[in-house]
Every structure is written in structure tokens, then in C-alpha cells.
Asker: 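Following this message is one structure expressed as C-alpha cells.
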Amino acid sequence: MMKNERSKFTVRFTPITTYKRFNNETDQLFLHYEEGKERNTSATHGITALEAAWNVTNAIQGMFLVSLPYSVYHGGYWSLLAMLAVAWICTYTGQILISCLYEPSSSTGVLMKVRHSYVDIAECVWGKRFGGRILFIAQNIELLMTCILYLVLCGELLAGSFPQFQIPVRYWICLSCLFTLPYSFIRSLRLVSRFSAGNAVVHLIINMIIIIYCLTQASTWDWSKIQLRINIASFPTSLGIIVFSYTSQIFLPTLENNMRYPHQFNAMLVLSHIIAAIFKTGFALIGFLTWQEQTSEVITNNLPTQRLRIVINLTLAIKALLSYPLPYFAACELILPKFSLSNEITTWKTILARIILILSTLIMSLCIPHFAQLMGLIGSITGVFLSLIWPCYFYLYLKNYSLSRTTIFGNIAIIIFGFMCTISGIIDSSRELAKKIQE
């Protein structure tokens with residue numbers, strides 16, 4: 001092999017997938033099989049790169065897209081720039097997180113997959129006693145807060161659809177929660193997963209309807225309304241919303257492990273984030289230009305005609321309720337075994353525990369029924385740590401022997417940026433929530 005030639009993957013048919021040693025750190029991020037080589041036959045049932053890209057794009061471009069114009073209202077051009085910058089950073093942190101799953105063999109120097117999850121990485125860095133617990137807490141906060149956001153979103157969508165009834169958002173949240181109670185009886189997500197592709201298509205159609213309407217109002221756009229200066233008092237909330245909308249690192253190791261051709265993971269991640277960044281930036285920009293100072297926390301509530309608003313809001317509310325069991329079921333998988341309960345066996349104790357979990361999300365959503373501010377707060381805490389800080393820290397800890405100074409300084413810069421986002425986001429989002437609660 002020539003010195004300047006990039007190393008390629010060599011797949012051996014062993015219980016543990018092994019790879020040829022890389023020449024440098026760049027090769028660790030851009031993995032390639034040798035031409036003509038494929039994974040063993042047991043991997044042929046894995047998902048393709050296109051299917052993986054669809055899952056990632058659906059995760060980072062899902063229901064929470066409707067709040068991005070509101071982030072432009074607070075952050076101006078800096079929010080638009082942040083949508084591009086955070087997409088690039090999250091692409092990089094996703095790649096290095098996967099790199100942390102592999103270590104070179106002490107005898108052959110061949111890279112071997114020795115870890116299979118985010119928790120495995122944390123346990124290797126912090127020890128099994130603390131690493132698993134820290135990730136367990138962070139994962140559950142992220143998953144349950146996502147469930148809470150779905151309930152709050154349903155409440156705001158329904159309240160915006162029927163303003164003539166003057167029913168408070170909290171009552172709509174309670175009504176929405178009633179439809180989630182049957183999820184306490186499900187044993188697997190197989191049935192729910194069948195709706196996911198259809199939900200994504202419906203959501204895409206709704207987004208296109210909103211975009212088309214916004215384009216018809218292009219004559220009323222006033223570009224001077226977009227702030228050029230950073231509003232320190234409100235920008236951190238916008239940044240938290242943006243970071244939360246890109247959070248996908250929590251399931252990337254599982255996704256890579258289930259890909260038919262893992263060497264396509266990095267290209268898939270780059271492509272999905274480029275598409276998401278372009279779409280999010282464009283959607284947020286034209287959404288804000290259309291309604292400007294009247295931009296709502298949930299953009300669909302700005303739609304002019306009552307009939308159109310009801311149809312789109314009800315559709316999004318149904319989609320949110322059908323999306324609820326995904327994080328909910330994942331949280332059950334993590335929490336129930338801690339109480340010696342199996343999530344695969346439906347007993348009265350298991351059902352009771354699941355119902356209690358649903359009611360806990362209801363109580364939290366009733367305490368903080370403000371979608372954008374809550375999303376900004378969550379993004380500033382768990383979103384930043386799971387997507388920015390921890391991947392960089394783990395990468396520095398596990399791969400420091402092969403990293404250049406530039407890479408080390410770059411990762412440290414991302415960590416510092418993450419802590420700044422967390423501190424400022426908590427302060428700003430908490431202040432905004434306090435204002436909303438007092439209103």
C-alpha cells in the first residue's frame with residue numbers, strides 16, 4: 001500500500017466485524033470497504049443507506065420544524081447561520097461518536113468494533129458505575145421531554161384551530177393525553193412503525209402547502225425585519241430550539257449497527273444533514289418573512305383561513321400523537337427493567353407502570369404548556385450534551401493517541417461552545433418561561 005493512499009476496509013467473516021488499520025484520524029471518519037467486498041450474509045437484512053438517511057432526516061426534520069420561524073423572530077440572520085453551523089457540527093459529532101465504537105487490536109492493529117451503543121462508550125470513559133447512570137438519566141430526560149413536547153404541541157395546535165371556544169391549552173393537552181393511554185398496552189412498535197413512513201410523507205405534504213402559501217405572499221416580505229444584530233436576551237432560546245431540532249446522536253450507534261453497509265454511514269449522515277439544513281433554513285426564512293412580528297410559536301397557527309388552519313393543525317396533531325409512542329416505548333425499555341418489569345410481557349404491573357409514565361408526561365406538560373420555550377430549554381441541556389459536548393469529550397478521551405493538535409483544539413472549541421449554549425440557554429429559556437407562566 002502506498003503511503004499516501006487511504007486505507008480501505010477489509011471485512012473478515014468473524015463474530016466481531018474487523019477492519020484494516022487506518023493511516024490517520026481522517027481515515028477513521030471516512031470508512032470504505034474494499035471494492036467487491038460485502039458484509040456477511042447475516043447483514044443482508046440490514047437497512048440500506050437510503051433507509052438510514054430517511055430515518056435520520058425524519059428524526060431531525062420532524063414535528064419540531066414548525067417552531068423554526070419563531071427562532072428567526074428572536075435570532076434574525078444569526079439563527080439562520082446557526083441552522084447551517086449546527087448541522088455541520090452535529091454531522092461531525094455523529095461521525096466521531098461512531099468512530100468511538102472501534103478500537104485497534106493490540107495484536108494485529110486491526111480496528112475492531114468493541115462497543116455497540118452510546119452507553120457502552122460512556123461506560124468505557126466514566127466506568128460502568130457512573131457512565132451508565134449518567135447516560136441513563138440523559139436518555140430518559142431526552143425521551144420523556146420529547147413525549148412532553150408532543151403533548152404540548154397537540155395542545156397548542158388544537159387551541160389554535162378552535163380559538164372561538166376559548167378553551168385553555170391545558171385542557172386540550174389533557175384531551176390529547178387520553179389518546180395516548182392505549183399505548184400502555186402495546187408490546188412492540190411493529191404496528192406503530194407501519195405508520196411512520198406515511199406520517200413522514202403527510203408531514204412533507206403539509207410543509208409544502210405552508211411553503212407554497214408563503215411564496216404566494218412574497219410581495220409582502222420585508223427583509224429589513226430580519227435582525228442583523230444579536231439579541232443576547234433572546235438568541236439563546238433560538239439556539240436551543242435549533243440544537244434540539246438536530247439531535248439524533250442518541251440512536252446513531254444503533255442505526256450504524258443495523259446498516260447493511262456501515263461504510264456508507266458517514267456519507268449518509270452528511271447527505272441527510274445537508275438536506276435538513278437547506279430545508280430548515282429555507283422554511284424558517286420564508287415562514288418568518290411571511291408573518292414577521294406576528295410569527296407564532298407554532299407557525300401553522302398563523303395560517304389565515306380557519307378551514308385551512310383546522311385541517312393542517314388537526315393533521316399535525318394526529319401525527320404528533322402517532323409519533324408519541326416512539327420515544328415513550330424507548331423510555332419504557334430503559335425504565336421498566338430497573339423495577340424488575342419486562343416491557344415485552346403485558347401484566348397489570350407493567351400496564352400500571354406504563355400508565356404512570358404517561359401521566360408523568362401529562363403533569364409536566366401541564367406545568368409548562370409553552371412549546372417553543374420548553375423546546376429551547378431541553379435543547380440547551382440534554383440536546384447540547386448528547387449532540388455536542390459528550391461526543392467530542394469521548395472522542396478526545398478514546399482517540400487522543402491519534403489526533404492532531406488542530407483536531408484537538410477543534411473538539412475543545414465545540415465543547416466550549418456547547419457549555420456556552422447550555423448556560424445562556426438555561427438562563428434565557430427559564431426567563432421566557434417565567435414570563436409566559438405569569439401571563
Side-chain angles (χ1 to χ4, degrees), residues 60-90 149 152-153 156-157 160 203 206-247 273-304 309 312 316 370-380 383-384 417 420-421 424-425 428-429 431-433 435-436:
I60 64 178
Q61 198 137 282
M63 295 295 300
F64 309 122
L65 189 72
V66 292
S67 276
L68 291 182
Y70 186 75
S71 71
V72 178
Y73 172 67
H74 280 289
Y77 283 108
W78 293 99
S79 287
L80 298 173
L81 180 62
M83 291 178 198
L84 300 175
V86 171
W88 177 82
I89 293 174
C90 286
L149 282 171
V152 174
L153 179 60
E156 293 199 2
L157 288 170
H203 195 205
I206 290 175
N207 290 337
M208 295 309 300
I209 292 174
I210 296 173
I211 290 174
I212 292 172
Y213 172 80
C214 291
L215 292 176
T216 62
Q217 306 298 311
S219 59
T220 65
W221 291 356
D222 186 356
W223 291 80
S224 64
K225 297 293 184 180
I226 305 178
Q227 301 178 43
L228 187 58
R229 295 181 301 173
I230 292 183
N231 186 344
I232 301 299
S234 59
F235 182 67
T237 297
S238 301
L239 196 56
I241 292 173
I242 294 168
V243 171
F244 186 84
S245 72
Y246 279 108
T247 300
H273 279 72
I274 288 176
I275 294 174
I278 294 173
F279 190 84
K280 286 182 178 182
T281 305
F283 185 88
L285 176 62
I286 66 174
F288 171 75
L289 287 174
T290 301
W291 289 287
Q292 301 168 25
E293 290 91 346
Q294 281 73 45
T295 301
S296 174
E297 294 178 20
V298 179
I299 196 66
T300 54
N301 285 336
N302 286 117
L303 292 172
R309 190 187 312 152
I312 291 182
L316 286 177
H370 304 288
F371 181 72
Q373 289 75 21
L374 183 58
M375 183 176 171
L377 181 61
I378 299 168
S380 299
V384 169
F417 171 72
M420 292 174 59
C421 291
S424 60
D428 181 54
S429 298
R431 183 172 59 245
E432 291 292 324
L433 279 172
K435 289 181 181 178
K436 288 286 186 178

Asker: Could you give the side-chain donor-acceptor pairs of residues 210-218 under 3.5 Å, partners two or more places apart or in another chain?
Answerer:
unit_1	atom_1	unit_2	atom_2	d
Thr216	OG1	Tyr213	O	2.4

Asker: How long is the straight-line distance from CD1 of Ile274 back to CD1 of Ile278, given to the nearest 0.5 Å?
Answerer: 6.5 Å
Asker: Any heavy-atom pair between the side chains of Thr290 and Thr220 that's under 4.5 Å?
Answerer: no
Asker: Got a second to check how far Leu303's CG is from Ile312's CD1, nearest 0.5 Å?
Answerer: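 Here the rounded value is 5.0 Å.
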Asker: How close do Asp222 and Gln292 get, counting heavy atoms only, and between which atoms?
Answerer: N-NE2, 3.4 Å
Asker: Which value, rounded to the nearest 0.5 Å, describes the distance between Ile286 atom CD1 and Thr281 atom OG1?
Answerer: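 Result: 11.5 Å between the selected atoms.
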Asker: Below 4.5 Å, heavy atoms only, C-beta onward: do Thr237 and His74 meet side chain to side chain?
Answerer: no
Asker: What closest approach, in Å, do Ser296 and Asn301 show between heavy atoms, and which atom pair accounts for it?
Answerer: OG-CB, 3.9 Å
Asker: Can Arg309 and Thr300 be said to form a side chain to side chain contact (heavy atoms under 4.5 Å, CB included), step by step?
Answerer: CA-CA 7 Å; Arg309 190 187 312 152; Thr300 54; 5.7 Å; no
Asker: Between Ala82 and Leu239, what is the shortest heavy-atom contact and its length?
Answerer: CB-CD1, 3.7 Å
Asker: Taking the side chain as every heavy atom from C-beta outward, state whether Ile226 and Leu289 have any pair of such atoms under 4.5 Å apart.
Answerer: yes
Asker: To the nearest 0.5 angstrom, please state how far the OH atom of Tyr73 sits from the CD atom of Glu297.
Answerer: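 The CD atom of Glu297 is 10.5 Å from OH of Tyr73, to the nearest 0.5 Å.
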Asker: Side chains of Leu149 and Phe244, heavy atoms from C-beta outward: is any pair under 4.5 Å?
Answerer: yes
Asker: Please identify each residue that fulfils ring-ring contact (aromatic ring centres under 6.0 Å, His included) with Phe371, with sequence neighbours left out.
Answerer: Phe64
Asker: Listed by chain and number, what are the side-chain contact (heavy atoms from CB on, under 4.5 Å) partners of Ser424, not counting sequence neighbours?
Answerer: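 For Ser424 the side-chain contact (heavy atoms from CB on, under 4.5 Å) partners, ignoring immediate neighbours, are Pro236.
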Asker: CG of Leu285 to CE of Met83: how many Å apart, nearest 0.5 Å?
Answerer: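 Leu285 atom CG to Met83 atom CE measures 9.0 Å (nearest 0.5 Å).
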Asker: Nearest 0.5 Å, please: how far is CG in Leu157 from CG in Leu153?
Answerer: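 Interatomic distance, Leu153 CG to Leu157 CG, rounded to 0.5 Å: 4.5 Å.
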Asker: In terms of heavy-atom contacts, does CH2 of Trp291 have more than 12 from other residues, nucleotides or ligands at under 6.0 Å?
Answerer: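 Correct, the count exceeds 12.
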Asker: Do any pairs count as a ring-ring contact (aromatic ring centres under 6.0 Å, His included) and have a residue in residues 221-241, sequence neighbours left out, and if so which ones?
Answerer: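 Sorted pair list comes back empty.
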Asker: Evaluate the ring planes of Phe279 and Phe283, with Trp represented by its six-membered ring, and classify them as parallel (under 30°), tilted (30 to 60°) or perpendicular (over 60°).
Answerer: parallel
Asker: Go through the structure and list residues passing ring-ring contact (aromatic ring centres under 6.0 Å, His included) with His273, not counting sequence neighbours.
Answerer: none
Asker: Applying side-chain contact (heavy atoms from CB on, under 4.5 Å), can you list everything that pairs with Gln227, at least two apart in sequence or on another chain?
Answerer: Asn231
Asker: Can you confirm whether Thr247 sits close enough to Ile60 that some side-chain heavy atom of one is under 4.5 Å from a side-chain heavy atom of the other?
Answerer: no
Asker: Between Val298 and Tyr70, does the side chain to side chain contact (heavy atoms under 4.5 Å, CB included) criterion hold? Intermediate values first, please.
Answerer: CA-CA 8 Å; Val298 179; Tyr70 186 75; over 6 Å; no
Asker: Taking side chain to side chain contact (heavy atoms under 4.5 Å, CB included) as the criterion, tell me which of Ser71, Ser380, Ser245 meets it with Met375.
Answerer: Ser245
